[in-house]
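Position 1 is the first residue of the sequence; numbering continues from there.
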Amino acid sequence: SPDSAELERNVVASGWFMPGMPILVAPVYLLFPDAPMWLVRGYLGLVTLALFITVLRVVARRIGPGWACVIAVFPGLIPSWIVFTYASWGDLCAGLLLVLLVAHLFTMFRGLRQGEAPTLREGLVLGLLAIVVLYLRSSTSVLLAALGLLTLVAAVLLLRGRVRLRALGAAGLAGFVFVVLLAPWSIYASQTLDGRVITTTTVPTVMANTF
């Protein structure tokens, strides 16, 4: 069974990282408790590669093959980026998922300009993508908030009547999914750190680690 005291010490108490990468790597250690580093790095490399290919396919379909080629070159051919795909930092996976989120928002904005409201399914997907990005890298919170606000304002300005209400319903579902999935970690971290925190990488923590 999970050692809750160890989770508090190693995953939460430092207040530095969100639990996205620990969750991603957990299956390896469940199957191989003493997994060697080459196995962990190989697993992470395959996961990042699969995610990268998915991003290229989605961008090519939703935005255009030209932009997919741009992403294939940058960051896909940058040596340092390739090396870090075998590391357990959450930045790379968060960045790739952020590109997926932007691709979905691009399609949504195109629909808004044509007077079409996003469906509840699209709202669910956006909420799930946003919370996964935050769990991987909490510094994306400001960008996620800006994208959410921009999308909401665009829906209010571009749509009218029932179509606007359907769009607000989809936005409400996205926000609900985001908050519900963030709440367990936020509550647990707040109890462990003896203070109210939304994400673990807070400004005071960063300053404390810096100095």
Single-linkage hydrophobic cluster, 4.5 Å side-chain cutoff, [X] and [Y] together:
X: Trp89; Y: Tyr29; answer: yes
X: Leu147; Y: Val153; answer: no
X: Leu173; Y: Leu152; answer: no
X: Phe84; Y: Phe74; answer: yes
X: Leu51; Y: Val99; answer: yes

Measure the [atom1]-[atom2] distance between [X] and [Y] for me, rounded to the nearest 0.5 Å.
X: Leu96; Y: Thr54; atom1: CG; atom2: OG1; result: 9.5 Å
X: Leu157; Y: Leu112; atom1: CG; atom2: CG; result: 10.5 Å
X: Leu150; Y: Leu105; atom1: CG; atom2: CG; result: 8.5 Å
X: Arg110; Y: Glu116; atom1: CZ; atom2: CD; result: 10.0 Å
X: Leu159; Y: Gln114; atom1: CG; atom2: CD; result: 11.5 Å

- Query: Any ring-ring contact (aromatic ring centres under 6.0 Å, His included) pairs touching residues 94-131, not counting sequence neighbours?
  - Reply: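 Not a single pair qualifies under ring-ring contact (aromatic ring centres under 6.0 Å, His included).
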
- Query: How would you list all residue pairs meeting ring-ring contact (aromatic ring centres under 6.0 Å, His included) that involve residues 50-69, not counting sequence neighbours?
  - Reply: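 Those involving residues 50-69 are Phe52-Trp81.
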
- Just do the side chain to side chain contact (heavy atoms under 4.5 Å, CB included) check on Val59 and Val55 with the steps written out, would you? CA-CA 6 Å; Val59 170; Val55 168; 4.1 Å; yes

Which heavy atom of [X] sits nearest to which heavy atom of [Y], and what is that distance?
X: Ala170; Y: Pro118; value: CB-O, 3.7 Å
X: Ala117; Y: Ala167; value: CB-N, 3.8 Å
X: Ile63; Y: Ala103; value: CD1-CA, 4.0 Å
X: Ala87; Y: Met21; value: O-CE, 4.4 Å

- Just wondering, are more than 12 heavy atoms of other shown residues or ligands nearer than 6.0 Å to CZ in Arg113?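 Not buried by this count: 12 neighbours or fewer within 6.0 Å.
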
- Quick check: are there more than 12 heavy atoms from other residues, nucleotides or ligands sitting under 6.0 Å from CZ of Arg61?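 Correct, the count exceeds 12.
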
- Message: Taking side-chain hydrogen bond (donor to acceptor under 3.5 Å, both in side chains) as the cut-off, I'd like each qualifying pair that reaches into residues 156-166, sequence neighbours left out, listed once.
- Response: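 Checked against side-chain hydrogen bond (donor to acceptor under 3.5 Å, both in side chains) - neighbours excluded - no pair reaches residues 156-166.
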
- Message: Applying side-chain hydrogen bond (donor to acceptor under 3.5 Å, both in side chains) as the test, list every pair that has at least one member in residues 178-195; sequence neighbours left out.
- Response: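 Every pair satisfying side-chain hydrogen bond (donor to acceptor under 3.5 Å, both in side chains) with a residue in residues 178-195: Trp185-Thr200.
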
What side-chain donor-acceptor pairs closer than 3.5 Å can you find for residues 120-144, not counting sequence neighbours?
residue: Glu122; atom: OE1; partner: Thr119; partner atom: N; Å: 2.8
residue: Tyr135; atom: OH; partner: Leu181; partner atom: O; Å: 2.6
residue: Arg137; atom: NE; partner: Asp91; partner atom: OD1; Å: 3.4
residue: Arg137; atom: NE; partner: Asp91; partner atom: OD2; Å: 3.0
residue: Ser138; atom: OG; partner: Thr201; partner atom: OG1; Å: 3.0
residue: Thr140; atom: OG1; partner: Arg137; partner atom: O; Å: 2.6
residue: Ser141; atom: OG; partner: Ser138; partner atom: O; Å: 3.0

Which donor-acceptor pairs under 3.5 Å do the side chains of residues 38-50 make with protein atoms, sequence neighbours left out?
residue: Arg41; atom: NH1; partner: Tyr86; partner atom: O; Å: 3.0
residue: Tyr43; atom: OH; partner: Leu24; partner atom: O; Å: 2.7
residue: Thr48; atom: OG1; partner: Leu44; partner atom: O; Å: 2.8
residue: Thr48; atom: OG1; partner: Thr85; partner atom: O; Å: 3.3

